Undergrad: 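Let me give you the structure first, and then I'll get to my questions.
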There are 2 protein chains.
Amino acid sequence: MSPRVPETPEDAAFLAAYSPAAFPRPSVAVDVALVTVHGGRLRVLLLARSEAPQRGRWALPGGFVRLDEDLDAAARRVLSTKAGVEGVYLEQLYTFGSPDRDPRTRVISVTYYALVDHARFARLSATSAHLVATLDVPWEGEEGGPVSARDEHGDELALAFDHADILGHVVKRLRGKLDYAALGFQLLPPRFTLRALQTVHEVVLGRPLNKDSFRRRMLASGRIEPTGEQEQDVLHRPAELFRIARKSAV
Amino acid sequence: MSPRVPETPEDAAFLAAYSPAAFPRPSVAVDVALVTVHGGRLRVLLLARSEAPQRGRWALPGGFVRLDEDLDAAARRVLSTKAGVEGVYLEQLYTFGSPDRDPRTRVISVTYYALVDHARFARLSATSAHLVATLDVPWEGEEGGPVSARDEHGDELALAFDHADILGHVVKRLRGKLDYAALGFQLLPPRFTLRALQTVHEVVLGRPLNKDSFRRRMLASGRIEPTGEQEQDVLHRPAELFRIARKSAV
DNA sequence: AAAATAGTGTCTATGAGACACTATAGT
DNA sequence: ACTATAGTGTCTCATAGACACTATTTT
């Protein structure tokens with residue numbers, strides 16, 4: 001990004017006299033959808049709200065942005081403190097600011113999505129305040145719209161605020177970017193088979209893909225490279241393990 | 001979007017006791033890039049800052065979001081009051097929130113881009129505080145990065161704050177969405193020739209396109225339809241005029 | 001040997017690019 | 001008639017999908 005523009009003497013004088021309390025201000029929060037793929041379904045981490053408003057409803061991990069904190073940093077702080085994950089793929093999604101989206105006061109939410117291998121969720125599942133919900137997408141392609149979240153019994157969960165809309169945007173963005181960005185691998189462990197990668201793509205896109213064409217596209221993309229190793233403990237011929245290419249080929 | 005979630009009695013009690021001044025809050029602004037294509041170049045409306053900080057530098061039209069105002073509404077208000085345009089294509093782009101991006105105080109900017117036919121700029125050009133700058137994109141494809149703005153003599157303009165970054169994001173988004181969204185027409189008058197549409201695409205993408213393939217793709221897309229009319233006052237065979245399709249074909 | 005999935009070779013359908021040609025306006 | 005651009009028909013090439021086949025592991 002651009003360096004901070006140097007202040008002029010006039011700016012310095014202006015700033016000395018400036019009072020930041022002159023205008024009413026909204027609250028600004030970040031909300032993060034921590035997404036993975038497991039068991040042929042899209043999954044997202046939800047937290048039960050322990051305080052009013054909307055106590056008991058399920059919400060994305062979120063928090064208010066601190067005054068001296070970058071937006072991305074706020075999202076990573078939320079991921080670290082509320083979901084216990086660090087160093088994951090993270091991208092800004094959209095900013096939601098309808099005046100009545102939060103009953104407390106005006107809260108503008110800068111939303112993010114983060115992608116992880118399902119194994120990262122394992123340590124969380126013990127807590128009752130956490131839930132790894134299944135996403136149910138009621139539309140095809142990149143049509144968009146709210147999505148619903150279900151628990152392990154298939155019962156629909158009551159989501160807080162506009163979080164069903166936010167999750168709809170997450171799925172739409174994932175479907176749109178999957179084919180021309182390095183997203184799919186982020187949902188898998190460091191070493192993965194082509195079949196596993198194809199399953200991830202199929203779950204995200206919500207439709208089956210052609211095996212031959214998928215293999216060709218992935219190998220030709222230069223985004224992954226073979227490791228020479230093979231998967232272990234499978235009931236059939238083991239597939240070769242791939243990893244993210246160190247340097248993306250041109 | 002989702003309807004507002006009904007308040008529970010507990011929520012009502014919580015809200016009666018809630019003090020919105022408990023946490024320090026950043027300022028939230030919208031900045032809008034009003035973009036068109038003219039003379040084979042991308043153009044954007046800039047305003048000279050009349051007040052400190054950074055007085056005299058060129059900035060995107062912007063303003064602070066009011067407490068009861070939706071983000072999109074704030075962007076439309078800025079377009080109306082500072083650029084004199086209404087009813088144009090408008091889309092949220094990205095939210096910039098680096099803590100030091102504005103020297104006054106913490107200002108988080110939700111940025112938008114708007115697309116217009118160049119004729120909409122005609123009435124503005126008289127004012128010295130307005131300037132329709134030419135964008136100079138120093139990268140290819142969707143690589144991204146800041147872009148520079150130049151005046152009619154080709155001299156580079158000093159942009160305020162991080163607006164060179166914002167404009168870079170605008171160009172990147174336009175290039176990414178042009179092929180599978182109804183964007184190109186928004187930069188043209190209501191009736192346009194296929195050649196004019198191709199020129200718009202070429203200017204946005206920064207590279208020449210194949211004429212035959214472009215015609216086929218556009219006609220097959222179902223996004224435009226022929227009017228039966230022809231262009232007037234040209235020195236050669238007149239081309240047919242097209243318009244945006246009333247109902248997008250499946 | 002049987003079962004199951006990995007991985008390869010080849011044919012076909014589709015769409016983009018290239019190119020040649022015809023059509024129609026103004027001068 | 002000449003010039004310039006609009007618009008069409010056809011060939012080629014690249015890529016996705018379909019399908020058949022071979023390969024390699026466990027039981």
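So you know, we letter chains A, B, ... as the sequences are listed, proteins then strands, and number each from 1. Note that the coordinates shown come from a computational prediction; the quantities given were computed from them, not determined experimentally.
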Undergrad: Starting from P on dA6(C), measure out to CE on Met218(A) and report it in whole angstrom.
TA: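 That distance rounds to 16 Å.
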Undergrad: Rounded to the nearest Å, what distance is computed from the CD atom of residue Glu240(A) to the P atom of nucleotide dT24(D)?
TA: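 Answer to the nearest Å: 13 Å.
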Undergrad: Between the side chains of Ser109(A) and Asp31(A), is a donor N or O closer than 3.5 angstrom to an acceptor N or O?
TA: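 There is such a pair between these side chains.
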Undergrad: How about Arg43(B) and Thr134(B): does a side-chain donor come under 3.5 Å of a side-chain acceptor?
TA: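 There is such a pair (donor and acceptor under 3.5 Å, judged by atom type) between the side chains of Arg43(B) and Thr134(B).
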Undergrad: Tell me: CD of Gln232(B) to P of dA25(C), nearest whole Å?
TA: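 After rounding, the gap between these two atoms is 10 Å.
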Undergrad: Distance check needed: dT25(D) P versus Leu235(A) CG, whole Å only.
TA: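 Distance, rounded to whole Å: 14 Å.
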Undergrad: Could you give the CG-to-C1' distance, from Asp233(A) to dA4(C), as a whole number of Å?
TA: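 The answer, rounded to whole Å, is 16 Å.
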Undergrad: Find the distance Gln230(A):CD to dT26(D):C1' and express it as a whole number of Å.
TA: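 It works out to 14 Å between those atoms.
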Undergrad: Mind running a 4.0 Å heavy-atom check of residues 177-200 of chain B against DNA chain C and sending the residues that fall below it, in number order?
TA: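 None - not one residue of the stretch has a heavy atom sitting under 4.0 Å from the strand.
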Undergrad: Would you please name every residue forming a ring-ring contact (aromatic ring centres under 6.0 Å, His included) with His38(B), sequence neighbours left out?
TA: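 Scan of His38(B) (ring-ring contact (aromatic ring centres under 6.0 Å, His included), adjacent residues dropped) gives His118(B).
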Undergrad: Separation of His236(A) atom NE2 from dA4(C) atom C1', in whole Å?
TA: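 These atoms are roughly 7 Å apart.
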Undergrad: Keeping the roles fixed (side chain from Thr227(B), backbone from Leu241(B)), state whether a donor-acceptor pair exists under 3.5 Å.
TA: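 Here the side-chain-to-backbone pair exists.
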Undergrad: Without placing hydrogens or testing angles, list every side-chain donor-acceptor pair under 3.5 Å for residues 80-90 of chain A, not counting sequence neighbours.
TA:
unit_1: Ser80(A); atom_1: OG; unit_2: Glu86(A); atom_2: OE2; d: 2.7
unit_1: Thr81(A); atom_1: OG1; unit_2: Arg77(A); atom_2: O; d: 2.9
unit_1: Lys82(A); atom_1: NZ; unit_2: Gly62(A); atom_2: O; d: 2.9
unit_1: Tyr89(A); atom_1: OH; unit_2: Glu91(A); atom_2: OE1; d: 2.8

Undergrad: Are the side chain of Trp139(A) and the backbone N or O of Gly145(A) linked by a donor-acceptor pair below 3.5 Å?
TA: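 Yes: the side chain of Trp139(A) pairs with the backbone of Gly145(A).
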Undergrad: For DNA chain D, whose closest nucleotide is more 5', that of Phe214(A) or that of Val234(A)?
TA: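 The residue closer to the strand's 5' end, by nearest nucleotide, is Phe214(A).
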Undergrad: Taking the inter-plane angle between the rings of Phe192(A) and Phe185(A) on a 0 to 90° scale, is it parallel (under 30°), tilted (30 to 60°) or perpendicular (over 60°)?
TA: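 Phe192(A) and Phe185(A): parallel rings.
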Undergrad: Output one letter per nucleotide in nucleotides 8-14 of chain D: B when a protein non-hydrogen atom lies under 4.0 Å from the base, S when only the sugar-phosphate is that close, - when neither is.
TA: BBB----
Undergrad: Could you note down all residue pairs passing side-chain hydrogen bond (donor to acceptor under 3.5 Å, both in side chains) where residues 181-204 of chain B supplies at least one of them, sequence neighbours left out?
TA: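 Every pair satisfying side-chain hydrogen bond (donor to acceptor under 3.5 Å, both in side chains) with a residue in residues 181-204 of chain B: Arg191(B)-Glu229(B), Arg195(B)-Thr199(B), Gln198(B)-Glu202(B).
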Undergrad: For Arg237(A) and dA6(C), what is the distance between atoms CZ and C1' respectively, to the nearest whole Å?
TA: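 So the CZ-C1' distance, Arg237(A) to dA6(C), works out to 4 Å.
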Undergrad: Which pairs count as side-chain hydrogen bond (donor to acceptor under 3.5 Å, both in side chains) when at least one residue sits in residues 140-159 of chain A, sequence neighbours excluded?
TA: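 Counting only pairs at least two positions apart or across chains, the side-chain hydrogen bond (donor to acceptor under 3.5 Å, both in side chains) contacts touching residues 140-159 of chain A are Asp136(A)-Arg150(A).
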